[in-house]
Amino acid sequence: MTEPAASSGQQPGTDGQAPGAAVPPRQGLPARARVVIVGGGIIGTSVAYHLAHLGWTDVLLLERDRLTSGTTWHAAGLIATFGSTSQTSTELRQYTRDLYARLEAETGLATGLKQCGLIELAVEPGRLEEYRRVAAFNRHCGVDVHEIGPREVAGLWPLARTDDVLAGFYIPADGRVNPVDVTMSLAKGARMLGVRIIEGAAVTGFLRDRGVVTGVRTAGGDIEAEYVVNCAGMWARQLGELAGVAIPLQAAEHYYLLTEPIDGVDGALPVLEDPASYGYYREEGGGLMIGLFEPVCAPWRVDAIPQDFSFGELPPDWDRMAPYLETTMARIPVTAQAGIRKFFCGPESFTPDLLPIVGEAPELRNYFVAAGLNSIGILTGGGIGRTVAQWIASGDPGIDVTGINIDRLHPYQANPEYRATRTVESLGLVYATHYPFRPTRTARGARRSPIYDRLAAERACFRDVSGWEGADWYAPDGVEPDPGELSWGRPHWFGYWAAEHQAARDGVILMDMSFMAKFEVQGQDAAAQLERISANRVAGQPGRITYTQWLNERGTLEADLTVTQLDDDRFFVVASDTAHRHAQTWMRRHFGDSRAFVTDVTSGYAQLNVQGPLSRDLLSAVTSADMSGDAFPFRAARYIDIGFARVLCIRITYLGELGYELHIPAEQAAAVYDRLVAAGRPLGLRHAGLKALASLRMEKGYRDYGHDIDNTDTVLEAGLGFAVAMDKPGGFIGRDAVLAQKAGGPLARRLVQVLLADPEPLLFHAEIVSRNGKPAGYIRSASYGFTLGGAVGLAMIDAGQPIDQAYVASGEWTVQVGAAVHEATASLRPLYDPAGKRVQM
Ligand SMILES: Cc1cc2nc3c(=O)[nH]c(=O)nc-3n(C[C@H](O)[C@H](O)[C@H](O)COP(=O)(O)OP(=O)(O)OC[C@H]3O[C@@H](n4cnc5c(N)ncnc54)[C@H](O)[C@@H]3O)c2cc1C
C-alpha cells in the first residue's frame, strides 16, 4: 500500500488530503513517471538532462513556478576549474565547463559561455602558498593554470590595483556563463530526449511505502514514481521534512553590485577574484559586476523559505556590508567614481561543511537529494547532474562521493539553532585562505563525550569531529590550548604533538574516541548477514574482533571498520564518525527482513583507548582480569571489571602498538577514566589527541575511509587484500569483482606509503608524487612521522604498469610541496614495524 510520508515538520505534507488516499492527477500532469525531479534550477535540469542521456527518458521535472525562479536566475555565472584540492570537486568543475562548451551545438540554445579567462589573486604569502599547492594539484588533474606576476596581471586587468599583488593564477579557458541560458539549454536537451518538464506544479508531499519513496503529491494529484530527486535548492530542507529526510542546508544573503559602464571594461576582460578583498569582478553591460564573500554572513529565513518567493531579491543591508564593500572596491580604484546601477542581494544555500548534499537519503530509499551548492552550483552543476543520474541509473556515482554524500550529515544539524549558528561562518570560508588545521568556530559543543570536562581540565585543544568535541592535542601547564595563528609551517603545538606521539611508542597514552560510531547487531541471522556483507570472516569465534571492509558488487569500498563477535548471535560494529550513517544504512538495507537487528549504541558507550607498550601494565593495575598475552591475545575481546564498571575491552590498535579499546557504559565513563588516570600516574600515562592518532596511524600505513581510501577504490588497490577471506563459505558481496581483478594480474593502481627524506617540510593533502620525475599520483592524506623522522602520507599511484615491490624499489620518488620538490621513499609495506611485532607484544 502507498502511504503518505510522515511530516516531521510544521505543516502536513498532504495538502489537506486524507492520508493514503491517492488523488487522481489533474489534467496535464501524468499519473506516473519513472523519475520525478522536484525543482527546475540548474541542478534539477542537469539531473534531467543526464538521466535522459543515460536512456532514462521516462522522467518528469516539476517546477513550482518557472524554470530558474529560485536562485539560479541571479547567479553571477563564474566558471572556475581552478581552486580545489579535492579530486571530486575538480572533476565536477572540469566536466561542467566542457559540457557548457558543447551544449549549444546539441540543443541549439546558447549558454552564454565566455572563456575569457579567470585570474585568482594572491596578495598574502599564505594565499600564495595555497594557490601554488592548488595549482600543482589542478595541473595534475588537467587544468591549464599559469602563475603570473603582477605586471602580467596588470596587462590583463589594467584597471586593477596590482602594487600589493604577489602573483596571479591565470586559467585562460575559465570565464563565465549565463546561468538562465545554461538551464534553458539543459532543459531543452532533456526535452529533446523525451523528458517532460512542467512549470507551475509544486510538489506538496511525498508518497512512500515501507521505507521506499513511491511518488509525489501535488495540488493537481498524486504522481507515482520509482525515484524522486529533491533538487529544490533552498527549499530542499523543508521539502525533505515532508518526507522525513533531514537536509541540513540554510539560505544566506549573498551580494553583488553592478556599476554603470566604465571606460576600459569590455567582455574580453577576464574574471578576477581577489579573496583577500572579499571580492570578484567581471564585466556586465559595459560596467562591472562586483561580487562579495564577506567573512561573517547573514542567514536568511531560518524558520522557512516562503513558498511564493520567485525571482526574488532581498533588501540589502548596507550598514553590515559597507566596510567589506569599501575593501572590495578598493581593488579597482576607478569604481570609486563609477555610478552604482544596482546593489543586489539574493539568497543562496549553504551547508554545515561547505560541501554539497548529494545522494540517496538514509531515511528513505530511492529518494535522492542534490542541493546545498554553497555558491558554486553553476560551475559544478553539470557534474552534479551527471553524478546523480549515474548513481540512480547504475548505483555507481562514478566519483568519490564520501565527502558529499548526504549520509555524512546528521539530523540535529537541521535544527534551527544549529543552522542559524553555523551558517554565519559558511560563506566567508569560501574566500578564506585554506590553511591546514583550520578550526571550525561556530556551532561548537553540539556533542560532548561523557569525560569532556575532565579532558578540558587537562587542557585539551578541541576540534569539531562530526559535531563532537574531539581532543586534538593537549597543552602543558601555562600554555593556552589554542590552535594559534594558522600557517603552512609547523604550528606552535608541534612539540606537544611530538611528545604525545612518542609516549604512545614508548610508554602509554589515553585517547578519548567516544565519537566513533558503534552498533550492536543481534538476532538469529546476525552472523550470516554480517558475513554476507563483510569481505573478511567476522563470525565463528565469539570474543574476537575482525578488521574488515564492506564492498559493493563492483568490489569497491563502502566501509572500513571492525566487527567484534560478542556471542553467537550478538556483534559489536565500530566505524569512524564520518561513516556513521553510511554503515548503519548499509546494514539496514542489506539485512532487509532478516532476523538481524541493528541498534545504534554510539551514545550509550564512551570509547577510551589505552595504547602503547605499557598499556598492559596500566590495565592490569585497574582490573582483576588476566591481561597477560596468553590470556588476552591480540584481537581478543572480553568484558573486564574496572571499579564498579563492566567494560568491553578489545585488544586492537589503530596506531601500531600493543593497545586496547575500552567501551564503557556512558554513565560509568568518568569513574573509569579517573581510575585509569590515577593508576597511570606512576607509568607516565599521557593524554594524547587526534593529531597523535593521525601521525601514529600514518606511520603504520593504516587506512582512513573517506580520507585515503574511498568508494572509487577496490579493496585490492587499497592494499587491503590481506583482510579478504576469498574462500569463506557463502562468499560475500563483491567477491566476484575481487576475483575478477585478481585474475587480471598485477595491479597498475595501488595505494603507496610515502616518506619525505628531509625532516623539515610538512605534507597535508594533494601534494603531487612523482616517480622518476613523472607525476604518478597525489597524497590523499598525510601527517608527520615523528618516529620515522619526516612527513609521511598515502598516495594512490596510477602507474599504467604493474605496481609491485620491484617497481616501487626501482623508482626515484619525489613529492612536490608548493614550489619545492623533495626526495622521498615509497613503500607498499608499512614503513613502521612492517612485521607487526609491536602489535603482537
Ligand atoms: C548572488 C549570487 C551569485 C552567485 N554566483 C554564482 C557563480 O558565479 N557561480 C556559481 O557556480 N554559482 C553561483 N551562485 C550559486 C548558484 O546560483 C546556486 O548554487 C544554484 O543556482 C543553485 O541551483 P539549484 O538548482 O540548486 O537551486 P534553485 O535555482 O533555487 O532551483 C530550485 C528550484 O526548485 C523549485 N522548487 C522549490 N520548491 C519546489 C516544490 N515544492 N515543487 C517544485 N519545485 C520547487 C524552485 O522554484 C527553484 O526553481 C550564486 C548565488 C547567488 C545568490
Side-chain angles (χ1 to χ4, degrees), residues 85 124-130 133 275-276 295-296 352-355 421-422 424-449 451-504 509-515 577-578 686-698 704 707 760-766 781-786 791 793 817-818:
T85 52
E124 324 103 316
R127 181 95 53 184
L128 180 62
E129 176 70 17
E130 177 190 351
R133 287 166 178 263
V296 179
D353 54 6
L354 263 193
L355 292 166
T421 316
R422 174 52 62 86
V424 171
E425 192 178 10
S426 306
L427 183 131
L429 284 178
V430 175
Y431 269 11
T433 304
H434 300 102
Y435 287 113
F437 312 139
R438 176 182 279 283
T440 311
R441 302 223 177 259
T442 55
R444 294 293 300 269
R447 305 161 96 188
R448 288 178 174 176
S449 111
I451 58 161
Y452 168 82
D453 289 338
R454 281 167 165 76
L455 301 187
E458 290 290 331
R459 314 180 68 72
C461 179
F462 292 101
R463 76 170 150 97
D464 184 336
V465 180
S466 298
W468 293 77
E469 290 298 311
D472 208 21
W473 52 272
Y474 291 82
D477 281 347
V479 175
E480 272 305 300
D482 185 285
E485 204 175 315
L486 299 174
S487 82
W488 295 96
R490 295 184 176 194
H492 77 87
W493 39 269
F494 196 76
Y496 319 139
W497 172 16
E500 292 170 24
H501 181 110
Q502 217 47 53
I509 57 109
L510 184 150
M511 195 177 273
D512 178 24
M513 295 187 63
S514 300
F515 53 81
D577 55 297
T578 48
R686 202 170 176 125
H687 287 74
L690 299 173
K691 279 288 172 295
L693 181 75
S695 54
L696 290 155
R697 73 104 183 162
M698 190 54 82
D704 188 2
H707 295 275
E760 202 46 40
L762 302 181
L763 292 174
F764 301 111
H765 162 72
S781 68
S783 187
Y784 193 83
F786 293 98
V817 182

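- How far CD of Q502 is from CG of L696: 9.0 Å, rounded to the nearest 0.5 Å.
- Residues in residues 451-460 take part in these side-chain hydrogen bond (donor to acceptor under 3.5 Å, both in side chains) pairs, two or more places apart or across chains: R454-D674.
- Under the rule for a side-chain hydrogen bond (donor to acceptor under 3.5 Å, both in side chains), the partners of D577 that lie at least two apart in sequence or sit in another chain are S466.
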Would F494 and L762 count as a side chain to side chain contact (heavy atoms under 4.5 Å, CB included) here? Give the steps.
CA-CA 11 Å; F494 196 76; L762 302 181; 4.0 Å; yes

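- Evaluation of the side-chain contact (heavy atoms from CB on, under 4.5 Å) rule for L354 yields F350, N374, S426, L429, V430 as partners, not counting sequence neighbours.
- Within the structure, side-chain hydrogen bond (donor to acceptor under 3.5 Å, both in side chains) contacts touching residues 478-494 (residues at least two apart or in different chains) do not occur.
- L763 and G793 get closest at one heavy-atom pair: CD1-N, 4.4 Å.
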Apply side chain to side chain contact (heavy atoms under 4.5 Å, CB included) to residues S514 and W468 and explain how you reach the verdict.
CA-CA 9 Å; S514 300; W468 293 77; 4.3 Å; yes

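- Summarising the geometry, atom CD belonging to E500 is positioned 7.5 Å from atom OH belonging to Y474; distances are rounded to the nearest 0.5 Å.
- S449 approaches D512 most closely through the heavy-atom pair OG-OD2, 2.8 Å.
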Between Y496 and V479, does a side chain to side chain contact (heavy atoms under 4.5 Å, CB included) hold up when you go through it step by step?
CA-CA 11 Å; Y496 319 139; V479 175; 3.6 Å; yes

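- Residues satisfying the side-chain contact (heavy atoms from CB on, under 4.5 Å) criterion with S781, sequence neighbours excluded, are R697, M698, H707, D708.
- When all heavy atoms of F437 and P491 are compared, the pair lying nearest together is CE1-CG, 4.3 Å.
- We find that R127 and E124 are joined by a salt bridge, their nearest charged nitrogen and carboxylate oxygen being less than 4.0 Å apart.
- Residue pairs meeting the salt bridge (charged side-chain N to carboxylate O under 4.0 Å, His left out) criterion with at least one partner in residues 463-473, sequence neighbours excluded, are R422-D464, R444-E469, R463-D472, D472-K691.
- Residues passing the side-chain hydrogen bond (donor to acceptor under 3.5 Å, both in side chains) test with H687, sequence neighbours excluded: Y673.
- Residues that satisfy the side-chain contact (heavy atoms from CB on, under 4.5 Å) test with A498, not counting sequence neighbours, are F786.
- With sequence neighbours left out, R438 forms a salt bridge (charged side-chain N to carboxylate O under 4.0 Å, His left out) with no residue at all.
- Note that OG of S783 and CG of L693 are 9.5 Å apart. Values are rounded to the nearest 0.5 Å.
- Taken from CE in M511 to CZ in R686, the straight-line distance is 12.0 Å, to the nearest 0.5 Å.
- The ring-ring contact (aromatic ring centres under 6.0 Å, His included) search around H434 returns none, not counting sequence neighbours.
- The two residues A766 and T85 make their nearest non-hydrogen contact at CB-CB, 3.6 Å.
- Residues V465 and G470 come closest through the heavy atom pair CG2-CA, 3.8 Å.
- Annotation: side-chain contact (heavy atoms from CB on, under 4.5 Å) contacts of D353 (sequence neighbours excluded): T351, L355, R408, L409.
- S695 meets the side-chain hydrogen bond (donor to acceptor under 3.5 Å, both in side chains) test with W497, H501; sequence neighbours excluded.
- Closest approach of P481 and A460 over heavy atoms only: CB-O, 3.6 Å.
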Does F462 form a side chain to side chain contact (heavy atoms under 4.5 Å, CB included) with L690? I'd like the steps, not just the answer.
CA-CA 9 Å; F462 292 101; L690 299 173; over 6 Å; no

